[in-house]
2 protein chains.
Amino acid sequence: MRALLGSGGIRTEDRKAMYLKEMRLHFGDVKQVLFIPWALDDHDQYVTLMKERGLDAGYELVGIHTFEDPLAAIANADAISIGGGNTFRLTWELQRTGAMAAIRSRVLDDDIPYMGVSAGTNVACPTMQTTNDMPIARPESFATLGLVQFQVNAHYFEGATWIRTSDNTFTEHYGETRDDRLREYHEVNDLPVVGLREGSYLRCIDDSVELVGSGARVFICGQPPLDIEPGVNLASLPW
Amino acid sequence: MRALLGSGGIRTEDRKAMYLKEMRLHFGDVKQVLFIPWALDDHDQYVTLMKERGLDAGYELVGIHTFEDPLAAIANADAISIGGGNTFRLTWELQRTGAMAAIRSRVLDDDIPYMGVSAGTNVACPTMQTTNDMPIARPESFATLGLVQFQVNAHYFEGATWIRTSDNTFTEHYGETRDDRLREYHEVNDLPVVGLREGSYLRCIDDSVELVGSGARVFICGQPPLDIEPGVNLASLPW
């Protein structure tokens, strides 16, 4: 099993350089990557934007929406990438089309490489229940690909949300912090969660889970959160 | 129909004073308020905290979890209040127990006053699909009380999220803004949404919807967002 799971937030040159390096390392000499743009509304525009911003990393990125039969496209793919957007909409479409089971089988049984960013990372987990997204659509189930046996909270950050006011000062917002939300997640569920900071990646190769980029915070049910440095293999954690 | 819908974020003295004023104006000379603490995990602690912080406004706040039969408690209530927390967990419990239909009937048919804060405001809407919360539980349906015919996005704020770093500077977070999220909501749904800033309220009396506190931003499907000043009756909007 080969999955590269990114947190997203790729909007600085440094972060883009790391994204390209990790993507090339992961996909290697594959020529074509099947890209699933279902987390956003405008699929053509999504693929165009990925190419224009150079986020194709030199691979031939082909949108799954351009195929008449999405399941055949998955069956023939050498590599699959799912981009960010709304995780509820993405999950709904993956389930509705049967793509969920098809992708899972290609990655787990046929060992083709999978890459996810943000929403694409959420759906690589057993469920999409640690998403930050708004429930704009209702999937049949919260169960997702389950390529890995832990959850990821993408775009993780520590502490409060701050808002910049019109006079350029900052004011604290009183909504729940990510740590609050993940504590609540563990009041009802028990899968471990990796709080993955923007610009970071998890290189998941079989049972190995290497953290690349920034430090991550790992939440294990019933235990205090653990701060993990880049380079650490999360497989060594007591989860 | 009488519903007072608050956004939450009641953590400054000014905001608390406004909360108490609005709550007293709304509930009037009712003695006992049935409080529904299901959005949080620890129900006893929630009710205790409400009293300790003076957020009972002098009313006798009784937690629904202290009754053997929650539906009987709803049938006998003179007023109902639902507090904040996780909207998915709250909705799940309201549906599971049958409280959703029971509360709806008491407020719409018997005209008892309803107050919601944050998650309690979300469930007063036709659906809970404009919540900011994490899907830690999966309700049978996203449909909620439907006391009003629009959606509310509680804790609304404009622009990007900023994070305070360890050296006390601020750095921009690249996740979606609320406006991004609500634009995506309208790619799939068409109910109007009131972006209700922290510390603000909607006084909903029959078809009248008066904004109290800060300005709100209203999102109508297919139209540019509207900025609304406090005191305006939203019933006059073209929705």
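In this text, all values refer to a predicted model and were calculated from it rather than measured experimentally. First the proteins, then the strands, lettered A, B, ... as listed; each starts at 1.
Closest heavy-atom contact between B/Phe142 and A/Ala137: CE1-O, 3.6 Å.
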Could you show, one pair per line, the donor-acceptor contacts under 3.5 Å between chain A and chain B?
from	atom 1	to	atom 2	distance (Å)
A/Arg11	NH2	B/Tyr174	O	2.9
A/Arg89	NH1	B/Glu187	OE1	2.7
A/Arg89	NH2	B/Glu187	OE1	3.1
A/Gln129	NE2	B/Pro135	O	2.8
A/Gln129	NE2	B/Ile136	O	3.1
A/Asn132	O	B/Arg181	NH1	2.9
A/Pro135	O	B/Gln129	NE2	2.8
A/Ile136	O	B/Gln129	NE2	3.1
A/Ile136	O	B/Asn189	ND2	3.0
A/Arg138	NH2	B/Pro139	O	3.1
A/Arg138	NH2	B/Glu140	O	2.7
A/Pro139	O	B/Arg138	NH2	3.0
A/Glu140	O	B/Arg138	NH2	2.6
A/His155	O	B/His173	NE2	2.9
A/Trp162	N	B/Trp162	O	2.9
A/Trp162	O	B/Trp162	N	2.9
A/His173	NE2	B/His155	O	2.9
A/Tyr174	N	B/Glu198	OE1	3.2
A/Tyr174	N	B/Glu198	OE2	3.0
A/Tyr174	O	B/Arg11	NH2	2.8
A/Gly175	N	B/Glu198	OE2	3.4
A/Arg181	NH1	B/Asn132	O	2.9
A/Glu187	OE1	B/Arg89	NH1	2.7
A/Glu187	OE1	B/Arg89	NH2	3.1
A/Asn189	ND2	B/Ile136	O	3.0
A/Glu198	OE1	B/Tyr174	N	3.2
A/Glu198	OE2	B/Tyr174	N	3.0
A/Glu198	OE2	B/Gly175	N	3.4

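Interface remark: A/Leu40 contributes side-chain atoms only to the contact with chain B (heavy atom separation under 4.5 Å). No part of A/Ala154 comes within reach of chain B, as not one of its non-hydrogen atoms sits under 4.5 angstrom from that chain.
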